[in-house]
Every structure is written in C-alpha cells, then in structure tokens.
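Below is one structure, written out as structure tokens; comments come after it.
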Amino acid sequence: MIVVDSNILAYLYLPGEYSANAEALLQRDPEWAAPLLWRSEFRNILAGYLRRGTLTFEQVSALQEEAEALLEGAEFAVDSISILELVRDSNCSAYDCEFIALAKRLDTKLVTMDSKVLRAFPEHAVSLTRG
C-alpha cells in the first residue's frame with residue numbers, strides 16, 4: 001500500500017504530463033490510500049475544470065465517483081497532533097502534512113510531485129517520476 005496525494009489522483013484521471021506515470025504507478029502499486037482530505041482537494045481540482053468549461057458537470061461527477069471507488073476502504077482520518085508536529089518541523093502546509101502523517105502511520109511512502117514535501121520529508125515521500 002502507498003499513500004498518494006490529490007494531485008497523483010488528478011494525474012490518473014485527468015490527461016496531462018504525468019498521466020502515464022500515474023497509470024504506471026497504479027499498475028505497479030494498485031493499493032492506494034489517502035487521508036479523508038483528498039476528497040475535498042480532488043473536488044477542488046475538478047471544480048477548476050468545471051468552471052473553465054473544460055469538463056461538464058456529468059464528467060466531473062463521474063471522475064469523483066471513480067476516484068472514490070478506487071480509494072474505497074483506504075481512506076483514513078489522521079491524528080491532528082501528528083500533523084501539527086510535522087507542520088512544526090517543516091515549512092509544509094497542514095494539508096500536505098496530513099498525507100505525510102498517514103504515510104508514517106501506515107509505514108509506507110507518500111507518492112507526490114510536490115517539491116517542498118519531497119525536500120522536507122525525503123524519508124517518507126517519493127516522486128511520481130522516480131522511475
């Protein structure tokens with residue numbers, strides 16, 4: 001099992017530069033996990049596509065449902081103190097630290113493309129493009 005941030009999910013479901021990497025990651029490591037926060041972040045990404053007229057309401061709704069199905073049973077609440085400790089010890093947002101806290105709790109890696117997270121937590125975060 002690996003933890004993925006919301007952008008990795010976006011790369012999987014929305015065509016772009018890293019879509020092939022996200023698809024390969026899912027093939028290699030099909031058990032993905034995320035903190036419950038991912039839902040709001042992913043909805044916000046989809047909202048941008050909806051507002052720009054890039055995707056229809058029906059399309060963003062279907063993508064949200066598909067992503068929720070992928071993570072069914074692998075969504076976790078994360079302890080606030082653990083998150084705040086990570087915030088204290090880094091320059092990362094509480095949102096980003098939530099993903100790291102979950103990776104630590106599950107004794108696995110967070111897959112991300114966030115350079116700040118990758119620099120702050122090299123022992124717990126790996127790049128999607130790590131090869």
Please report the interatomic distance [atom1]([X]) to [atom2]([Y]), rounded to the nearest 0.5 Å.
X	Y	atom1	atom2	value
F42	L63	CZ	CG	6.0 Å
R105	H124	CZ	NE2	14.5 Å
L110	C97	CG	SG	10.5 Å
L102	E75	CG	CD	10.5 Å
Y11	E17	OH	CD	8.0 Å

Do the non-hydrogen side-chain atoms of [X] and [Y] ever get within less than 4.5 Å of each other?
X	Y	result
L12	W32	yes
L37	F99	yes
V126	I2	no
V111	D29	no
Y18	T129	yes
F76	L106	yes
W38	L9	yes
L70	L26	yes

- Task: Scan side-chain atoms only and decide if R130 and S127 contain a donor-acceptor pair under the 3.5 Å cut-off.
- Result: no
Hydrophobic cluster membership, with links at side-chain heavy-atom distances under 4.5 Å among I/L/V/M/F/W/Y: are [X] and [Y] in one?
X	Y	answer
M1	V3	yes
L128	Y95	yes
M113	I45	yes

- Give every residue pair that meets the side-chain hydrogen bond (donor to acceptor under 3.5 Å, both in side chains) criterion with at least one member in residues 58-74, sequence neighbours excluded.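 Every pair satisfying side-chain hydrogen bond (donor to acceptor under 3.5 Å, both in side chains) with a residue in residues 58-74: R39-E68, T56-Q59, Q64-E68.
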- Message: If we ignore hydrogens and angles and just use 3.5 Å, is the side chain of T112 paired with the main-chain N or O of I8 as donor and acceptor?
- Response: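 No: the side chain of T112 does not pair with the backbone of I8.
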- Task: Taking all non-hydrogen atoms of both residues into account, name the closest pair between L71 and A34 and its distance.
- Result: CD1-CB, 4.1 Å
- Do you know the tightest heavy-atom contact between A103 and K109?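 Where A103 meets K109 most closely, the heavy atoms are CB-C, 4.0 Å.
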- Check whether more than 12 heavy atoms from other residues, nucleotides or ligands sit under 6.0 Å from atom CZ of R52, and answer yes or no. yes
Output a table of donor-acceptor pairs, distance under 3.5 Å, between side-chain atoms of residues 80-90 and any protein atom two or more places apart or on a different chain; print 'none' if there are none.
unit_1: S82; atom_1: OG; unit_2: D79; atom_2: OD2; d: 2.9
unit_1: S90; atom_1: OG; unit_2: L86; atom_2: O; d: 2.8
unit_1: S90; atom_1: OG; unit_2: C92; atom_2: N; d: 3.1

- Item | Lys/Arg cation over aromatic F121: R119, 6.0 Å, 45° cone |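 Geometry flag: not set, cation outside 6.0 Å or 45°.
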